[in-house]
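To start, the structure under review is shown below, and the notes come after it.
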Amino acid sequence: MSVSELQNSAVMWVACGIPVVLVLAQAIIFARKAYQAGPKLGLTQKQMKAGMRSSAITSLGPSVVILSGMLSLLVTMGGPVAWMRLSLIGSVMFESLAAGFGTASVGVELGSTGMTELAYTMGLWTMILCSIGWVIFATLTADQMEKVQKKVTGSNPALLTALSSAAVIGAFSSFCAQNIVKVNKNTIAVILGGLIMFVMMKICETKQIKWLRDWALTFAILGSMIITALLPV
């Protein structure tokens, strides 16, 4: 069996499909529980449906980025692995990087025609072992997070909101900064995305266009990607 046949074999599809099905089931259970808890928190059916619609629309932009990364990983590691890894545990940047380190350890460049079974296996093990720490840490500490939250914020819910917002802004800022300093197309894409988002937010505020607020992130990501890809530089 060749490496290509191994990558896309029925056994690999079944093995990678099982965790994806489990994650889908988990997502459905969480969604149902959240919907049932809504009325207990004073939310109306209209508010909950609006929140679900807004979340679904907002997820489209980041999903396109993940899809583009999955296509590149599909070519190098096969369809089943790309589908499974980017569906539930990994990130676009991490997966290709980890797989490349794994294949390089046995002298094979990721994506080259010289891919061997050993190199493919090493790529898979590197992807798995380098991310298993996230799962272990989350498993061991998840039930302690509420205690940490109470110690950090006390009885002030506004402080928790501020800390959460600051963490998200910090994470995105760090990622953007890494691309801005490269001074290449990544820099242009980051700047364009920020400008598009700024303009759309201004339009939302002045024109009171509710649907545009939901689609703003998707438009900003796709717009900056398309414009940057069309630039001759």
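Basis for what follows: all heavy atoms, side chains included, without hydrogens, waters or symmetry-related copies.
The shortest non-hydrogen separation linking M48 to L43 is CG-CB, 4.0 Å. Of all heavy-atom pairs between A189 and S224, the closest is O-CB, 3.4 Å. Contact detail for L231 and K185: the closest heavy-atom pair is O-NZ, 3.2 Å.
Counting heavy-atom neighbours within 6.0 Å of Q26 CD, excluding the residue itself, gives a total above 12. Heavy atoms of other residues, nucleotides or ligands lying less than 6.0 angstrom from CE of M52 number 12 at most.
Each of L192 and I180 belongs to its own hydrophobic cluster when Ile, Leu, Val, Met, Phe, Trp and Tyr are linked at side-chain heavy-atom distances under 4.5 angstrom. The hydrophobic clustering, which links ILVMFWY residues whose side-chain heavy atoms are closer than 4.5 Å, places V23 and V20 together. Linking Ile, Leu, Val, Met, Phe, Trp and Tyr residues whenever their side-chain heavy atoms come within less than 4.5 Å places M84 and W13 in a single cluster. L124 and V3 fall within the same hydrophobic cluster, where Ile, Leu, Val, Met, Phe, Trp and Tyr residues are linked whenever their side-chain heavy atoms come under 4.5 Å apart, directly or through other members. Linking ILVMFWY side-chain heavy atoms closer than 4.5 Å, directly or via other members, places F219 and I203 in a single hydrophobic cluster.
Two residues are said to be in side-chain contact when any heavy atoms from C-beta on lie closer than 4.5 Å; V81 and M12 meet this criterion. Side-chain contact between K49 and Y35: present, with at least one pair of heavy atoms (C-beta onward) separated by less than 4.5 Å.
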Test side chain to side chain contact (heavy atoms under 4.5 Å, CB included) applied to I221 and M197, step by step: CA-CA 9 Å; I221 293 175; M197 193 70 175; over 6 Å; no

I'd like to know whether F101 forms a side chain to side chain contact (heavy atoms under 4.5 Å, CB included) with M127, so could you lay out the CA-CA distance, the side-chain angles of the two residues, the decisive distance to 0.1 Å, and finally the verdict. CA-CA 9 Å; F101 285 148; M127 294 163 69; over 6 Å; no

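A donor-acceptor pair under 3.5 Å is formed between the side chain of Q7 and the backbone N or O of T76.
From F137, atom CZ reaches atom CD1 of I132 across 15.0 Å, with rounding to the nearest 0.5 Å. Distance CG/L74 to CG/N8: 7.0 Å, rounded to 0.5 Å. Distance check: M200 CE to E205 CD gives 12.5 Å after rounding to the nearest 0.5 Å. Here the CD atom belonging to E117 is positioned 6.0 Å from the CG atom belonging to L6, to the nearest 0.5 angstrom. Expressed to the nearest 0.5 Å, how far CG of L86 lies from CE of M77 amounts to 11.5 Å.
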